[in-house]
Amino acid sequence: MTDSTSSRPRERAAITTARSARPAVLVIGGGINGIATFRDLALQGVDVLLVERGDFASGASAASSHMIHGGIRYLENGEFRLVRESVQERNGLLKIAPHYVKPLRTTIPIYSTFSGILSAPLRFLTHRSGKPTERGAFLIKIGLTIYDTFSRAGGMVPRHRFLGRKRSLAELPQLDPRIKYTATYFDASMHDPERLALDVLQDGLDAHEGAVALNYVEAVGRSDDGVVLRDLETGSEFTVTADVVVNASGPWTDLTNEALGTQTRFMGGTKGSHIVLDHPELLAATGGREIFFEHSDGRIVLIYPLKGRVLVGTTDIDAEPGETVVCTEEEVDYFFDLIHHVFPTIAVDRGQIVFRFSGIRPLPRHEDTAPGFVSRDYRIEVDRSSRAPLVSLVGGKWTTFRALGEALSDTVLGLLGRTRRVRTAGRTIGGGRDYPRTKTDRDAWVRMHLDGAGERAGTLLERYGTRAAQVWTHIREHGGDEPLTHSPVSTGELRWMVEREHVVHLHDVVLRRTAIAFTGGATTAALEELADALAPLLDWDDAARERELAATRTLLVERHGGTVPEAAS
C-alpha cells in the first residue's frame, strides 16, 4: 500500500455519526460498568453515546483476576448486602453468560483450627488490619456457611465441604503437608473478560439504532454547548450535547470530572498485579481448581489454572490513578513466595512467566482504612449544578456489572423523566443465547451452525459462544479466509473483528480480542503475521504497519513485563 493518503488516519464512520447526533445520554468510560450502563439504556430505547479513551475494557476491566465471585472475604468487612448481591449476580451470570462464565471449584488450605477468633471481630468493627492473623477452620466454616445461605436461592453451585489433612493431600498431593484441613466451595471463572465486555457492548448496539459506541475517543472538556470529545486517532475535536452525562471512568473518575470542570475526591484505588506462568507441574498440582488463601501478610491471594496456564495474584497496594502501574519485580518475588507457601516442592522461576498485568481497582477514597478493608461496593453521585446533570459512578466490580448497570440506568432514567421498559435480570448475553451445555448438544449445534468449519468449529464456539454462527456466516460471505500459521485466528476472523468488534490497533487483537498475549503466544512471527493480515483491513501502509508493530512490542515489554520471542517455545 503506497498511497500517500493511507498513512493519515481516516475518520471512522461511527465518529461521523456521533458528530451529528444529539444523544440523550453521554457515557464516558468503556469499561464493563460503562458498557453495562450503555446496554441497559439502549434496551430502554434511549439514544446513548459511549466513549472510551482507549480500547473497550482495556483499563481496570482488563486487569481482573478473571473471576466472578460472591466475595466471601467481604463478610468480614460487614458488607452483607454486597455479598448477597454478588452471589445472586454470580448465579445469574452462570445462566446468562455460560459461554464465558463457568463454575470454579475453589479450595482454601487451612493451617489451624481456632486462629483469628479474637482478631476477626476487631477487624470487623474497625476495618483496620492490625497484625495479620491467619483465619482458622472455625472462622472459615462460619463464613462458608453464611456464604452458602446467600447462594441457596440460585441453586447453581454445590455447597462447601471440609476435609482433613489425609483426604486433602489425597486430592492435592503437592499441597504443603503441614495443612490441617482444606475447605472447598464453588465460585465462577471468567475465561475471557474482554470478550464478555464486547458481547455486552454488541447487545447494546443491536438493541437500539440510537446507541453508538466509540473507542479511542476522550472527553477533554466542557463548553456551553456540551462535552468536548477528541478522536485520539485523528486529533480532531467535536462537541456533543446530551441531557445527562455519566462518568463511568473507574479509577479515573476524579480526573474525568476535573476535565469537565468539576472538582471531586471520590476515588482512592489500589493496585492489583498478576503473573501468568507456563508451568505444567504447577498446573497439574492445582487439580483443575483455584487455590485461594490468606498469605502471611493478611492478603488474600490465588493460584488459578486458566487456558493451560496458571494465573497467580493478587496484590493490594495503594496507588494513584494518574500513574501507570506495572507488575514489579518485588511483586513477582511475592508471588513466588506464596506459591512456595502452598506448594513447597514446586520450583518456579522468571523464565516461566509468559505475561504480567497490573491495574488500579476503582475503589472509593479510603483515607487510613487498610486497602484490603476498603469497600468493594458502589455508589452513585449526582451533580445538578450544570444544565446537563453529571452522574458519577464510585466503585463497582466485574461480578455485579449487570446490577450496577441497571442501578445507574435507573438514576439516569429518573433524571430524564423516563420509565424503565425492560429488565436485564435473566436476559441472556450475546453468545450465551442457546449455548449448548452438553457434548451431544454441542455437536448438534456445530453441525447446524458451523457446517464446513471443520476443526476450527470448537475454537469459534469457545471464542464467540453462539455468536460464532454470525462470525462463520460473515466469513463465508466474504471469502478469502485463511488460518494464520502463528496465531489461533484466521484472516476472516480478523475481518470480523475489524468490522464488528471495533479493532483499531494491532494490540487490540493481541491483548483483548484473543488470548494470544495472555498465553505467551505474542512472538515476533505472530505479531508480524497479524500485522500483515490487518494492514489491508485497516488501510495501513508500510510505515503504519511498522508503527503498529513497534507500539505493540513496547506495550508488551513495558506494561506486561515480557520479551517478544522470535517464535513460541
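Numbering of residues begins at 1 and proceeds along the displayed sequence. Computed from a predicted model, the values in this text were never measured in an experiment.
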> Go through the side-chain N and O atoms of Arg463 and Thr514 and say whether any donor and acceptor fall under 3.5 Å apart.
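No, because no side-chain N or O of Arg463 sits under 3.5 Å from a partner of the opposite role on Thr514.
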
> On a heavy-atom basis, which atom in Trp398 and which in Pro193 lie closest, and how many Å separate them?
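Looking at all heavy atoms of both residues, the closest pair is CH2-O, 3.1 Å.
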
> Please report the shortest heavy-atom distance between Gly31 and Glu52, naming the atom on each side.
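That closest heavy-atom pairing would be N-OE1, 4.0 Å.
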
> Can you pull the salt bridge (charged side-chain N to carboxylate O under 4.0 Å, His left out) pairs that have at least one residue in residues 55-68, sequence neighbours excluded?
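As it turns out, the salt bridge (charged side-chain N to carboxylate O under 4.0 Å, His left out) pairs with a partner in residues 55-68, which skip direct neighbours, are Asp55-Arg512, Asp55-Arg513.
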
> Give the C-alpha distance, both sets of side-chain angles, the deciding distance and a yes or no for side-chain hydrogen bond (donor to acceptor under 3.5 Å, both in side chains) between Ser490 and Arg456.
CA-CA 10 Å; Ser490 69; Arg456 294 172 55 197; 2.7 Å; yes

> Answer yes or no: does atom CD of Glu329 have more than 12 heavy-atom neighbours from other residues, nucleotides or ligands under 6.0 Å?
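Check passes, neighbour count above 12.
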
> Are side-chain N/O atoms of His274 and Ser65 paired as donor and acceptor at under 3.5 Å?
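Yes.
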
> So which heavy atom on Val310 is nearest to which on His279, and how close?
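Here Val310 and His279 meet closest at CG2-O, 4.3 Å.
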
> Taking NZ, NE, NH1 and NH2 as the nitrogens, is one of them in Lys307 or Asp278 under 4.0 Å from a carboxylate oxygen of the other?
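No, Lys307 and Asp278 are not salt-bridged.
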
> Do Gln202 and Glu501 meet the criterion of a side-chain donor-acceptor pair at a distance under 3.5 Å?
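No, Glu501 and Gln202 have no side-chain donor paired with an acceptor closer than 3.5 Å.
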
> Measure across Ala57 and Ala62 and return the closest heavy-atom pair with its distance rounded to 0.1 Å.
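What the structure gives for the nearest pair is O-CB, 3.2 Å.
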
> Please determine whether side-chain hydrogen bond (donor to acceptor under 3.5 Å, both in side chains) holds for the pair Arg361 and Thr270, giving the CA-CA distance in whole Å, both sets of side-chain angles, and the decisive distance to 0.1 Å.
CA-CA 5 Å; Arg361 300 177 181 89; Thr270 65; 3.1 Å; yes

> Can we say Asp203 and Arg427 salt-bridge, meaning some charged N sits less than 4.0 Å from an Asp/Glu carboxylate O?
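No, this pair does not count.
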
> Do Phe518 and His66 make the cut of ring centroids closer than 6.0 angstrom?
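When the ring centroids of Phe518 and His66 are compared, they turn out to be within the sub-6.0 Å range.
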
> Between the side chains of Thr37 and Ser409, does any donor sit under 3.5 Å from an acceptor?
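The answer is no; no qualifying pair exists.
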
> Verify whether one side chain among Glu462 and Thr459 offers a donor that lies under 3.5 Å from an acceptor in the other.
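Per modelled atom types, Glu462 and Thr459 side chains form no pair under 3.5 Å.
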
> Less than 3.5 Å apart, any donor N or O on the side chain of Asp176 or His341 sitting next to an acceptor on the other?
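The criterion, which ignores hydrogens and geometry beyond distance, is not satisfied for His341 and Asp176.
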
> Between Lys271 (side chain only) and Glu320 (backbone N and O only), is there a donor and an acceptor less than 3.5 Å apart?
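Pair absent, no side-chain N/O of Lys271 close to backbone of Glu320.
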
> Determine, for Tyr185 and Arg289, whether the Lys NZ or Arg CZ falls below 6.0 Å from the six-membered ring centre while staying within 45 degrees of the axis.
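Ring-cation test returns no.
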
> Side chain of Thr466, backbone of Arg433: donor and acceptor closer than 3.5 Å?
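Yes.
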
> Centroid separation under 6.0 Å, is that true for the rings of His191 and Tyr100?
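Ring centroids of Tyr100 and His191 are no less than 6.0 Å from each other.
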
> Side chains of Asp187 and Thr106: donor-acceptor distance under 3.5 Å anywhere?
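Looking only at side-chain atoms, Thr106 and Asp187 do not form any donor-acceptor pair under 3.5 Å.
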
> Cut-off 3.5 Å, side chains only: do Thr424 and Arg402 have a donor facing an acceptor?
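There is such a pair (donor and acceptor under 3.5 Å, judged by atom type) between the side chains of Thr424 and Arg402.
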
> Salt bridge check, Asp333 against Arg350: does any charged N sit closer than 4.0 Å to a carboxylate O?
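Between Asp333 and Arg350 there is a salt bridge, with a charged N closer than 4.0 Å to a carboxylate O.
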
> Considering all heavy atoms of both residues, which atom of Val332 and which atom of Cys327 are nearest to each other, and what is their separation?
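Of all heavy-atom pairs spanning Val332 and Cys327, the closest is CG2-SG, 4.1 Å.
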
> Taking Glu171 first and then Arg105, would you say they form a salt bridge - that is, a charged N and a carboxylate O separated by under 4.0 Å?
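Not counted as a salt bridge, because no side-chain N and carboxylate O are separated by less than 4.0 Å.
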
> Got a sec: does the CZ of Arg167 have more than 12 other heavy atoms crowding it under 6.0 Å?
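At most 12 heavy atoms, drawn from other residues, nucleotides or ligands, come within 6.0 Å of this atom.
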
> Taking the six-membered ring for Trp, is the centroid-to-centroid distance between His502 and Phe56 below 6.0 Å?
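Ring centroids of His502 and Phe56 are less than 6.0 Å from each other.
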
> Is Ser487 reaching over with its side chain to a backbone N or O of Leu484, donor-acceptor style, under 3.5 angstrom?
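No, Ser487 side chain to Leu484 backbone: no donor-acceptor pair under 3.5 Å.
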
> Are His560 and Phe355 close enough that their ring centers fall under 6.0 Å?
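Yes.
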
> So, are Asp443 and Arg447 salt-bridged, with charged N and O less than 4.0 Å apart?
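Salt bridge flag = no for Arg447 with Asp443.
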
> Taking only Lys NZ, Arg NE, NH1 and NH2, and the carboxylate oxygens of Asp or Glu, determine whether Glu89 and Arg84 approach each other closer than 4.0 Å.
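Result for this pair is no, no salt bridge flagged.
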
> Can you tell me if Arg90 and Thr399 form a side-chain donor-acceptor pair at under 3.5 Å?
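Side-chain D/A pair, Arg90 to Thr399: absent.
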
> Look at the side chain of Thr400 and the backbone N and O of Ala403, then say whether any donor-acceptor pair between them is shorter than 3.5 Å.
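Side chain of Thr400 to backbone of Ala403: no pair is present.
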
> Looking at every heavy atom in both Gly431 and Asp199, which two are closest together, and how far apart are they?
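Minimum heavy-atom separation between Gly431 and Asp199: N-OD2, 2.8 Å.
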
> Other residues, nucleotides and ligands only: do more than 12 of their heavy atoms fall within 6.0 Å of CG on Asp434?
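Check fails, neighbour count at 12 or below.
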
